[in-house]
Every structure is written in C-alpha cells, then in structure tokens.
Amino acid sequence: MKVLVLNCGSSSVKFQLIETSLEAIKNDTEERLAKGIIERIGMPASIIKFESRDNQPYRATAEILEHRVAINKVVQLLTDPDYGVIKHKEEIGAVGHRVVHGGERFSTSKIIDPDVYKEMIECIELAPLHNPHNIKGYEIAREILPNVPHVAVFDTSFHQSMPAYAYIYGLPYVLYERHAIRRYGFHGTSHRYLTFRVERITGIPRNQFKLITCHLGNGCSIAAVKFGKSIDTSMGFTPLEGLVMGTRCGDIDPAIVLHVMAKEELELHEINTLLNKHSGLYGISGVSNDMREVIKSADKGNERAQLALDIFCYRLKKYIAAYAGAMGGTDYIAFTAGIGENSPVVRQKSCEGLEFMGIKIDQERNNQTVGKEALISTDDSPVKVFVIPTNEELVIARDTVRCINGVI
Ligand code: AMP
C-alpha cells in the first residue's frame, strides 16, 4: 500500500510517499517513493523541493499563500507526468499525519474518526502553537482524499508509558487534576524508531534491553527506554524543558522567569519568546543556533561559542548518567538527528568521563561516522553506543498500516 505521510507545521508541509505493508514492515523492505517539503507558506516566495525514486529532483519557488494550496501541490507533484511517481491520486491508500500533542488520551496511533477528531481538537489547548496546523493539514487532506483512512501519529504517545513518579511535577497536585500539568515528552516517533533499530541491529528483543536515546536536532530530547518502554524523557509539559537546544533554554530555575520579567519589565509573550527563541546555543554564544556555526566559532577561539558547546555537552552527559541511574544501568546509547548524526565532537564530549559506567567511545569510529548508521563504541565497551539516522516518517507510515490492519 502507498502511504502518504504528512507533517504540517505553521509555515511548512513535509511529506513522503512510502510503499509499505505488514509483510514489508516484518522484513524491513519498505520503499520511499518520494519525499519533499513546501516551506515559507504564506510568505512572498514559498520554496518547493521534491525528490522521487525515479526522476530528477524538482526545485521551484512559487507564491503559496495557504496550506490548502500546498497540500494540493503535494498531490499534483506526486501525480506529475514528468516528476511524479503515481498516475492517479487514487493510488494513495492511506494518509498518516504527524500530530504533536495527544495528551493523555492517545497512548497509540489512531485512525481518525469523528470521536478521535473531537479528542484531537481538545488537545489543542496543550499545544496551541503546533496542533492547530497538524489538524488543519488533516482537514484539508481529508477533503482531497476523502475515501482513504487517515491515521494520527502523536509525538507524545511513546512516552505515555512513563510512571506517575516520572511525569508528575513537584507542584500542587490539583494543577494536574485541573489543567493536566504533567510531563508529556515529545519526539516520541524518533525515540521509538531508535528502539526498533537497536532491536534489529543487535538481534535482541527490545523487552530485554535498556537503552538511552538522544535526539539532538533543532529541538533536543533524551529518553530512558527500559524493556521497550519510555520510562522518562527530558522534554516536559512543553518542548522547552530538558537539554539546551538551538534557541530553547532547557532546564532552568523557574524563579528566574519571575525575576527576569520583573527586572526587564517583560510581558508574557516577551518572556515566552526569550525562553523559546533567544536562548540555548544562540543565546549563550551570540553566534548562531546552528551547532555547525557554534563549533566553527569555538575552534577559532570564540569563548562564548566554546561555552555554549561545553554547556550543551555537559547537560547531555548529566542526563545520560541520570537515565542510566533511573534504569539501573544501560545496555545501549543511540544518537540521532542533525547534531546526533553528524557531530563526532558532541558525541565524544557528552560521553567523556562516563567510562566508569562502561561507556567507551572509539575515537576513530566516532570521527568516521557522519550521517550514517554505525557502532561508535570500542569492541570491549560494556555499553554499546550507536549512531542511527532517524526516520520518523517511516514510523508514521508503519503505524498507519498497523492501524488499518487492526494490529495496534
Ligand atoms: P534537525 O532538527 O534534525 O534537522 O537538526 C538540525 C540541526 O543539526 C542544525 O541546526 C545543526 O545545528 C545540526 N547539524 C547539522 N549538521 C551538523 C554537523 N555536521 N555538525 C554539527 N551539527 C550539525
């Protein structure tokens, strides 16, 4: 079956068309037929990028003012006689939608029926910046492809297995009861993909190993996966908590927020912007939110860039050690996403000093591993450390097929 995977953000639509089935999932033989992105929706020059298995890549700029036009463009590209990979849109058998927040209602992916749709709408209050775009994408795709199943795959679902002592904050319990204030965690599809991959690579069933998964991209999160289940993760009520990120601060003393608001006379929206957009690598270094630029500047002697890199890796190291503690040790660590897949320096620095826990990085293997799957620990390292390029779209396509076949 051909599954269209859609990831609708505020100004972008990412998509893939994946050929998959229960049999292909079992044998790891799915095929990506096409992928693409439409960026800068609603701005003067939207950017369209499209690559397919069979044809030359397509690049264009156009005025795409809204998501409806963008999703129609996706279908048009897929069926284009020169660039496309299918003849008719009817060849698309199902659509899998990335949805950021599923609250406590969704611990697995779901076929979107009127009840699920209603509950997805109710989750908007937990992720007002993300869920409305995901849901809008669904509504438009449903109009364009009305006769196929649509499945919602939630970033938060994988972490619903956390025990209450990991997800309840040290706040009045009534806030959980009244406003659902708790840790949810995000990047669940990525942490889950790493868990599947480690199972495949090692041949050991996931209910028999402990794993620490590090998703280090623009947003960063880390998870403790014990016997196949997430038991803790660093992002919390929102994706602001935890590791230092490109522009997000991660963990801070909450009293700083009140103090800075008073001292700098900031409104709510201004402190929100400060914490989410002006902090992290960018805020500390003053150079960039892009780890490549931070490392380049640090190498040239920029002290604040060096400090940003040091803080990023130190925070990550503390979390790795904490999660090993939470699980009573770990068998594996896996790094993924832009920084995790491509930065030997970050991987080296964040594991340095953890030899006492059985984590020994092989420098040569680490340095040679950029953007590909590989083992980067030494042969005698008790904890095996992997780099695994993430594939969230594949997880969404797989869940779509599983939901349709009633095996989720
Ligand atoms: P993602 O969100 O997974 O696309 O990751 C994006 C981030 O990965 C960028 O902001 C960069 O900071 C980082 N990145 C990409 N390539 C490299 C690299 N070669 N070295 C360090 N960081 C990188």
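Remember, it's 1-based here, ligands and their atoms both numbered in the order they're listed. Below, all heavy atoms of this structure are taken into account, side chains as well, without hydrogens, waters or symmetry copies. Starting from 1, each residue takes its place in the sequence as its number.
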Pair R53 + E31, salt bridge at N-O below 4.0 Å: yes

Between the side chains of E30 and R398, is the shortest nitrogen-to-carboxylate-oxygen separation below 4.0 Å, so that they form an ion pair? yes

Atom 4 (O) of ligand 1 touched by protein (heavy atom, under 4.0 Å): no

Would you mind checking which non-hydrogen protein atom is closest to atom 17 (C) of ligand 1, with the distance to 0.1 Å? R292 CG, 3.4 Å

What's the shortest distance from atom 12 (O) of ligand 1 to any protein heavy atom, and which residue and atom give it? M291 N, 2.7 Å

Stepwise, does the ring-ring contact (aromatic ring centres under 6.0 Å, His included) test hold for H191 with H159? CA-CA 9 Å; H191 292 291; H159 303 300; 5.5 Å; yes

Over all atoms of both residues, closest heavy-atom pair of L194 and C214: CD1-N, 4.4 Å

May I ask you to identify the nearest protein heavy atom to atom 19 (N) of ligand 1, giving residue, atom name and distance to one decimal place in Å? N342 CB, 3.4 Å

Salt-bridge contact D331-K384 (side-chain N to carboxylate O under 4.0 Å): no

Flag the pair D399 and R192 as a salt bridge only when some basic side-chain nitrogen lies within less than 4.0 angstrom of an acidic carboxylate oxygen. yes

Considering non-hydrogen atoms of the protein only, which is the closest contact for atom 2 (O) of ligand 1, and what is the distance? N218 N, 2.9 Å

What atoms of ligand 1 come closer than 4.0 angstrom to any heavy atom of A337? 3 (O)

Nearest protein heavy atom to atom 13 (C) of ligand 1, by residue and atom, and its distance? I339 CG1, 3.5 Å

Assess the pair H150 and H97: is the distance between their ring centroids shorter than 6.0 Å? yes

Do R183 and Y167 form a cation-pi contact, if we require the NZ or CZ to be under 6.0 Å from the six-membered ring centre and within 45 degrees of the ring's axis? no

Closer than 4.0 Å to some heavy atom of G217 - which atoms of ligand 1 meet that? 1 (P), 2 (O), 3 (O), 5 (O)

Please report which non-hydrogen protein atom sits nearest to atom 11 (C) of ligand 1, along with the residue it belongs to and the distance in Å to one decimal place. D290 OD1, 3.2 Å

Show me which atoms of ligand 1 lie under 4.0 Å from any heavy atom of G338. 1 (P), 3 (O), 5 (O), 8 (O), 13 (C), 14 (N), 15 (C), 16 (N), 17 (C), 23 (C)

Counting from 1, what ligand 1 atoms have a heavy atom of S343 closer than 4.0 Å? 20 (N), 21 (C)

